[in-house]
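What follows is one structure encoded as structure tokens, with my remarks underneath.
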Amino acid sequence: MALLEIKNVTRRFGDFAAVDNVSLSIEAGEFFTLLGPSGCGKTTILRMIAGFYLPDSGQILLDGKDLADTPPEKRPVRTVFQSYALFPHMTVAQNIAFPLKMARCAPQDIQKRTRETLEQVRLADKAEHYPNELSGGQQQRVALGRALVSHPRLLLLDEPLAALDAKLREEMQLELISLQREVGVTFVFVTHAQDEALALSHRIAVMNRGRVEQVDEPSKLYGFPQSRFVADFIGHINMMDAQVIEAAHGHTRLAIPGLGEITAPPVAGVTAGGLASGAKGAFAIRPEQVRIGIHGEAAELKNHFPGEVRNLLYRGDVTVYKVHLANGLMVEALLPNSAPGRAEIFEVGDTVSIGWRHDAGVFLHA
Amino acid sequence: MRDNRSRLSPAARLTKWLVSSPPFAFLLLFFVAPGIIMVFASFRYPGEFGGLAPIIAADPNTLHGFTLETYRFFFGDFIYTEIFAKSFLVALATTLICLIMAYPLALLIARSPKNRRDLMVLLVILPFASNFLIRIYAWMILLGPQAALSLLVNGLLGAFGVAPVRLLFSPFAVLVALVYVHLPFMVLPLYTNLEKHDPALLDAARDLGANAWQRFWRVTFPLSLPGIFSGSTLVFIPVLGMFAIPDILGGTGDMLIGNLIKEQFLGTRDWPFGSTLSIMLTITVLACVWFAARLGGRRRRHA
Ligand SMILES: Nc1ncnc2c1ncn2[C@@H]1O[C@H](COP(=O)(O)OP(=O)(O)OP(=O)(O)O)[C@@H](O)[C@H]1O
Ligand SMILES: [Mg+2]
């Protein structure tokens with residue numbers, strides 16, 4: 001049985017459904033991430049799990065038990081708020097001891113567990129400081145310690161790293177991963193940064209306008225997006241309109257207007273003959289899967305087309321080429337700069353050949 | 001801070017002086033100077049027909065020069081210390097009652113939707129629109145023997161066989177009016193403080209297992225202490241010097257320091273003793289403020 005079960009949950013504000021018929025199932029010990037653009041309902045879901053909002057319809061089950069009648073203070077769920085919400089009039093140690101005091105633990109127990117948690121979040125030397133005397137990263141760790149000290153079943157984190165600068169954020173990401181492994185508490189993490197989600201999570205639910213678009217492991221999500229939205233939201237991707245010519249067991253043949261026929265991998269979840277020929281959609285392929293070579297050089301690939309380099313971006317480790325194809329489409333291709341000293345191989349205006357393997361890319365049914 | 005100041009241009013420094021000197025001069029002229037005059041007056045003898053006796057007299061047999069007489073008199077008779085103590089207690093009671101009444105109101109306003117708060121604050125300060133004395137006289141009518149309140153109270157007392165009481169001209173009337181007049185001075189600083197509290201803190205407390213009672217005592221209340229201190233100061237100090245309300249609504253036994261001082265200047269015309277009483281009052285007030293500031297200051301580190 002899953003630890004947390006969200007079943008067909010809808011939450012409206014007025015007429016507007018901030019969360020629209022969402023179902024999720026989160027396993028014990030998992031690092032689960034809700035990923036989506038601003039306003040897609042991530043915080044609303046977290047607040048429903050914490051108990052601050054009640055669903056208008058649907059159920060939230062923890063260990064199989066419906067939480068509807070349990071107020072936030074009685075749920076074995078803790079939240080790390082985006083603003084940290086540390087108590088300014090309490091020291092670090094008092095902040096961390098707060099949930100234990102509320103639960104009326106024995107004083108020596110409180111002391112012991114507070115000290116352990118202070119060690120765990122590496123703040124033992126700051127125990128007697130007030131929150132306004134700490135750096136952003138330290139405040140973040142106080143919030144984490146305070147939420148974890150009473151061993152919750154579930155930890156909810158609402159964009160906890162958004163306020164940190166890039167360097168510190170990366171540090172905290174690593175720290176979060178090891179902390180989660182160490183304490184074994186299930187994390188439900190909210191972010192709108194796809195790189196963060198990919199780096200941290202066991203599984204990710206991509207959300208859009210109150211709905212869940214896809215739930216998958218990071219590599220599946222990146223490699224096999226199931227909708228235009230997911231393909232577009234996660235990483236960079238080339239998207240071209242396409243029409244099915246033939247959807248067979250081992251491959252899909254697609255027609256791309258103005259370009260011709262290409263061969264693509266079989267469409268996921270479609271058995272042979274399941275997808276009618278003529279079905280419209282989009283073919284999506286990552287820039288790093290697109291090869292680029294001197295005219296004719298990529299020709300051994302099944303899918304190859306001539307084009308002209310219109311733009312290039314030198315990024316240090318890689319160079320991004322924007323190649324203009326015959327049908328007016330711009331395709332991005334990545335070339336690693338592994339050859340020392342050579343910044344780029346092609347110049348703007350060069351005629352090149354681009355191509356990709358027949359098993360690269362995905363067809364997204366419209 | 002100091003670095004910034006030293007970097008000010010001469011023109012900016014001049015502007016700063018020009019802007020800050022009028023209020024400074026005002027305080028010097030109307031607060032410090034009278035204070036010094038009062039200290040001097042307290043060491044003099046009263047004049048025969050009010051005012052002060054001369055420092056150097058033509059006739060050496062009349063009272064003149066400086067003396068500690070008034071202070072000996074003040075500490076010599078226990079009644080003055082008693083009036084001070086009583087005034088102190090009345091001021092304390094008024095402050096506490098105001099606090100207990102103002103807190104829920106301030107909390108209610110602070111947690112109302114933003115667009116309704118201004119209106120509620122306006123309602124709190126609306127009584128200031130009418131004259132202070134008129135509002136006090138209104139209480140004379142409200143508490144009078146023929147008013148509904150007196151009739152109701154005495155009717156109830158009568159039903160239990162208790163003798164009727166007089167509401168007007170009693171310590172009760174004085175306290176009611178003191179609380180009534182000073183309530184807004186407690187509500188406003190409290191509201192200003194409570195309105196600034198981050199609602200996320202209450203969510204966090206709740207999330208961490210605090211029930212409504214714990215959320216109030218562990219989060220809201222400690223964070224509102226600065227508001228409580230400033231509100232209490234704004235109520236306590238004026239009440240300590242108040243004379244109009246006991247004059248109008250109190251009985252003969254309800255004299256406070258303010259009445260005593262007023263009596264020295266306008267009644268018995270003993271200016272030196274009036275000055276002494278005023279100085280003792282000022283010292284008491286300063287001591288209270290210092291004490292409150294110390295209590296508040298201990299918590300300043302996190303603010
Ligand atoms: N209390 C509320 N009253 C009315 N509308 C609300 C309320 N809370 C959220 N909404 C609306 O619901 C939608 C989802 O909000 P939510 O805070 O869950 O988004 P989010 O995914 O957390 O976004 P962000 O990344 O910006 O934090 C938004 O369009 C928001 O305007
Ligand atoms: Mg949010």
Side-chain angles (χ1 to χ4, degrees), chain A residues 43 46-53 70-92 94-105 110 117 128-134 139 142-152 154-158, chain B residues 1 99 103 106-107 110-116 189-233 291-303:
Chain A
T43 299
L46 277 203
R47 288 181 71 83
M48 283 192 285
I49 300 173
F52 292 112
Y53 294 153
T70 316
E73 60 267 33
K74 297 263 170 58
R75 298 190 182 192
V77 173
R78 297 280 180 263
T79 309
V80 173
F81 293 85
Q82 183 168 348
S83 61
Y84 312 146
L86 300 179
F87 302 123
H89 57 298
M90 298 182 197
T91 61
V92 169
Q94 287 168 337
N95 264 283
I96 289 179
F98 186 85
L100 302 174
K101 277 208 182 115
M102 294 308 102
R104 300 186 201 289
C105 293
I110 294 180
T117 305
E128 298 312 317
H129 286 239
Y130 284 92
N132 68 339
E133 299 166 335
L134 302 180
Q139 292 182 16
V142 178
L144 276 169
R146 189 178 67 170
L148 285 170
V149 70
S150 49
H151 304 303
L154 197 59
L155 185 67
L156 312 175
L157 304 104
D158 195 352
Chain B
M1 197 65 213
L99 179 62
Y103 208 109
L107 206 56
R111 299 209 177 147
S112 299
K114 250 200 174 69
N115 50 5
R116 230 178 294 160
L190 267 180
Y191 160 72
T192 313
N193 171 288
L194 290 170
E195 192 231 356
K196 281 188 301 217
H197 290 196
D198 180 2
L201 292 181
L202 289 180
D203 277 355
R206 188 157 195 214
D207 190 72
L208 296 165
N211 60 34
W213 188 249
Q214 289 168 321
R215 291 199 290 278
F216 178 78
W217 286 112
R218 301 267 180 175
V219 181
T220 306
F221 183 77
L223 286 176
S224 69
L225 283 177
I228 292 179
F229 282 126
S230 43
S232 300
T233 314
F291 184 69
R294 255 185 65 103
L295 268 183
R298 249 193 317 182
R299 299 162 189 278
R300 275 294 135 75
R301 198 168 138 212
H302 60 74

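Numbers restart at 1 for each chain; the letters A, B, ... are given by sequence-line order, proteins then strands.
In terms of heavy-atom proximity, Gly209(B) sits nearest to Arg78(A) at N-NH1, 4.4 Å. Of all heavy-atom pairs spanning Ala200(B) and Ala85(A), the tightest one is O-CB, 3.8 Å.
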(request) Please step through salt bridge (charged side-chain N to carboxylate O under 4.0 Å, His left out) for the pair Arg75(A) and Asp207(B), ending with a clear verdict. (result) CA-CA 8 Å; Arg75(A) 298 190 182 192; Asp207(B) 190 72; over 6 Å; no

(message) Between Lys101(A) and Arg218(B), is the side-chain contact (heavy atoms from CB on, under 4.5 Å) condition met? List the steps.
(response) CA-CA 10 Å; Lys101(A) 277 208 182 115; Arg218(B) 301 267 180 175; 3.5 Å; yes

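Within the 4.5 angstrom heavy-atom criterion, only backbone atoms of Val77(A) (N, CA, C, O) approach chain B. For Arg215(B), the part lying under 4.5 angstrom from a heavy atom of chain A is the side chain only. Heavy-atom distances place no part of Leu100(A) under 4.5 Å from chain B, backbone and side chain included.
Considering NE2 of His89(A) and CG of Leu223(B), their distance stands at 4.5 Å, rounded to 0.5 Å. A distance of 14.5 Å separates CE in Met102(A) from CZ in Arg206(B), rounded to the nearest 0.5 Å. Taken to the nearest 0.5 Å, the OG atom of Ser83(A) stands 7.5 Å off from the CG atom of Leu201(B). The structure places CG of Asn95(A) at 9.0 Å from CG of Leu208(B), a figure rounded to the nearest 0.5 Å.
Looking only at heavy-atom pairs under 4.5 Å with chain B, the residue among Pro99(A), Gly51(A), Ala147(A), Pro152(A) that has the most is Pro99(A). For the set Gln82(A), Lys74(A), Arg47(A), the entry with the most heavy-atom pairs within less than 4.5 Å of chain B is Arg47(A).
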